[in-house]
Amino acid sequence: MQITTLIPAYKTKYMVELMTSLVTQTHKSHRIIVSDDSPGGEFRQILESPAMLVARERLPIEIHEGPRVGAYENFLHLLKLWDNSTELVHLLLDDDVIYPDFYAAHRAIHGAGSFSCSISARWTANERGQPIEGMPIPAGVLQAMSRVVSLDAGAMFTTTIPKCQNWFGEFSNCVMTRQSAALLFKPEFGGVSYAGLWDLGAFLAASLNGPVAYIQDRLGHFRTGGEGHSNQLYGKHMKAAHLGYAALAVGARRIGQLGEEHARQCYDGIAAALHQRYTGQEDMQPFCRVLPRMRDGEPGAEDEFLPIWQEFLALHKF
């Protein structure tokens, strides 16, 4: 099985670490496609400079101009450039790092069984790339004797949405099949967009097509600090990440993957978070009003969520 690496490039700060993590893979990518979304093409300029000659010589790198209309649009642009050319595909964000056995481990899993995607555990690292903490993995998974745990849709939905907790991580620690990658072009459940939580939504969507393989080994790290969206509490991406859990719950209810009790548990968590963090934000006021009503199970409250969610997405150009 061959793997293609897709890099939605914007930040140049961590390019050396990024390329080193690809050069040192024990199983190399068949293709590495870079879509340069950086201002003024800075990523391409550095990647094509003499300083990056070794990486270019050792890796099958293709560089393309990005659409420069948003991060997720760059993901989709990369998927079109890939065009299903390999059995497996991996979106590797420009500030994340994968460890040397990442591709070998994921490829072995897909070769051994039929999985919609494979997700490996990862560390959370500081700005310097030093691991500082793991993920809040459910006890039933963490304590499993097997290094690889097969998860069905029921387990995926009920261990994430009710607690508003994405314990799987990001696209960078997931390898997808062609069928699962195609789901990124329609990020919704039951007509409800999960923009802002594209990674978790995609993992859940994949689980509807087949079991997900969860690899217990920590095969990479996600970098906190710096310029990432997770550090901009009042930015549109962090707001959407909060609201996205409610959207996932509404959508999951519509497709029969989440019960009322679990949905209300999610609404309760998001209502509390909005009250604590966003009461002074004008664009969050409608949600501050409707989420407590959804939490309380008020008839019609879930239906009222959808139009204000769509208005929010349009306002912020998601």
Side-chain angles (χ1 to χ4, degrees), residues 1-9 17-35 55-62 75 78-123 131 134-135 137 141 144-152 155-156 167-184 199-200 202-222:
M1 281 186 169
Q2 294 177 328
I3 299 175
T4 294
T5 305
L6 307 179
I7 301 177
E17 294 97 320
L18 176 69
M19 292 299 156
T20 300
S21 75
L22 292 171
V23 168
T24 56
Q25 287 298 304
T26 55
H27 177 85
K28 299 292 193 294
S29 302
H30 180 68
R31 299 176 69 189
I32 297 174
I33 307 174
V34 177
S35 178
R56 296 200 309 277
E57 289 180 339
R58 295 187 182 182
L59 298 171
I61 299 174
E62 311 166 25
F75 294 177
L78 281 161
L79 289 171
K80 292 173 184 176
L81 291 170
W82 163 60
D83 195 26
N84 295 315
S85 60
T86 54
E87 297 93 336
L88 302 172
V89 66
H90 173 224
L91 272 165
L92 177 59
L93 276 63
D94 58 19
D95 54 359
D96 294 335
V97 168
I98 53 175
Y99 298 164
D101 286 335
F102 183 91
Y103 287 136
H106 282 264
R107 180 173 177 267
I109 294 302
H110 285 277
S114 180
F115 295 101
S116 59
C117 68
S118 53
I119 303 171
S120 52
R122 53 88 166 155
W123 292 104
M135 298 290 285
I137 302 170
V141 175
M145 297 300 292
S146 175
R147 290 174 59 198
V148 180
V149 180
S150 178
L151 301 170
D152 62 16
M156 297 279 289
W167 59 272
F168 295 111
E170 299 72 38
F171 283 119
S172 290
N173 49 300
C174 173
V175 170
M176 298 175 283
T177 62
R178 293 175 176 133
Q179 294 77 13
S180 294
L183 298 171
L184 272 68
D199 42 22
L200 177 57
F203 303 158
L204 296 177
S207 75
L208 297 174
N209 289 344
V212 171
Y214 184 76
I215 305 171
Q216 301 270 26
D217 300 325
R218 301 184 192 274
L219 297 175
H221 69 243
F222 166 81

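We use all heavy atoms of the structure for the numbers below, so side chains are in, but hydrogens, waters and symmetry mates are not. The residues of the chain are indexed from 1 along the displayed sequence.
Closest non-hydrogen pair, Val212 versus Phe115, comes out as C-CD2, 4.0 Å. Across every non-hydrogen atom of Val23 and Ala55, the tightest pair is CG2-CA, 4.2 Å. For Pro8 against Leu91, the heavy-atom pair with the smallest separation is CD-CD2, 4.3 Å.
The backbone N or O of Ser116 sits less than 3.5 Å from a side-chain atom of Ser180, completing a donor-acceptor pair. Gln216 contributes a side-chain N or O that, together with a main-chain N or O of Val141, makes up a donor-acceptor pair within less than 3.5 Å. Between the side chain of Gln2 and the backbone N or O of Val89 there is no donor-acceptor pair closer than 3.5 Å. Formation of a donor-acceptor pair under 3.5 Å by the Thr20 side chain with backbone atoms of Glu17 is not found in this model.
Here Phe102 contributes atom CZ and Gln25 contributes atom CD; the two are 7.5 Å apart, rounded to the nearest 0.5 Å. The distance from the SG atom of Cys117 to the CD1 atom of Ile109 is 12.0 Å, given to the nearest 0.5 Å. Annotation: the span from His30 atom NE2 to Thr4 atom OG1 amounts to 6.5 Å, rounded to 0.5 Å. Here Met19 contributes atom CE and Asp94 contributes atom CG; the two are 9.5 Å apart, rounded to the nearest 0.5 Å. The distance from atom CZ of Arg147 to atom CG of Asp217, rounded to the nearest 0.5 Å, is 4.0 Å. Taking CG from Leu208 and CG from Leu183, the interatomic distance works out to 8.5 Å, rounded to the nearest 0.5 Å.
In this structure, the ring of Tyr99 has its center no less than 6.0 angstrom from the ring center of Trp123.
Using modelled atom types, one finds no donor on one side chain facing an acceptor on the other under 3.5 Å when comparing Thr86 with Arg31. Ser120 and Asn173 are not linked by any side-chain donor-acceptor pair at a separation below 3.5 angstrom, with hydrogens and angles left out of the test. Between the side chains of His110 and Ser118, at least one donor N or O sits under 3.5 Å from an acceptor N or O.
By the 6.0 Å contact criterion, CZ on Arg58 is open, its count of non-hydrogen atoms from other residues, nucleotides or ligands being 12 or less.
Residues Arg178 and Trp82 have side chains in contact (heavy-atom distance under 4.5 Å, counting atoms from C-beta outward). Using a 4.5 Å heavy-atom cutoff, the side chains of Arg122 and Asp96 are not in contact. Here the side chains of Leu92 and Ser172 are in contact, with some heavy-atom distance below 4.5 Å. Within the 4.5 Å cutoff, the side chain of His106 has heavy atoms near those of the Leu219 side chain.
With His90 as the partner, the side chain to side chain contact (heavy atoms under 4.5 Å, CB included) test is satisfied by one option alone out of Leu6, Ile32, Ile98: Ile98.
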Evaluation steps, ring-ring contact (aromatic ring centres under 6.0 Å, His included), between Trp167 and Phe203
CA-CA 11 Å; Trp167 59 272; Phe203 303 158; 10.0 Å; no
Please test Ser29 against Tyr103 for side-chain contact (heavy atoms from CB on, under 4.5 Å), starting from the C-alpha separation and ending with a verdict.
CA-CA 8 Å; Ser29 302; Tyr103 287 136; 3.2 Å; yes
Run the side-chain contact (heavy atoms from CB on, under 4.5 Å) test on Leu184 and Met176 for me, step by step, so that the C-alpha distance in whole Å, both residues' side-chain angles and the decisive distance to 0.1 Å come before the verdict.
CA-CA 11 Å; Leu184 272 68; Met176 298 175 283; 3.8 Å; yes
Begin with the C-alpha distance, continue with both residues' side-chain angles, and end with the deciding distance and a verdict on side-chain contact (heavy atoms from CB on, under 4.5 Å) for Ile7 and Leu22.
CA-CA 11 Å; Ile7 301 177; Leu22 292 171; 3.9 Å; yes
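Residues meeting the salt bridge (charged side-chain N to carboxylate O under 4.0 Å, His left out) test with Arg107, sequence neighbours left out: none.
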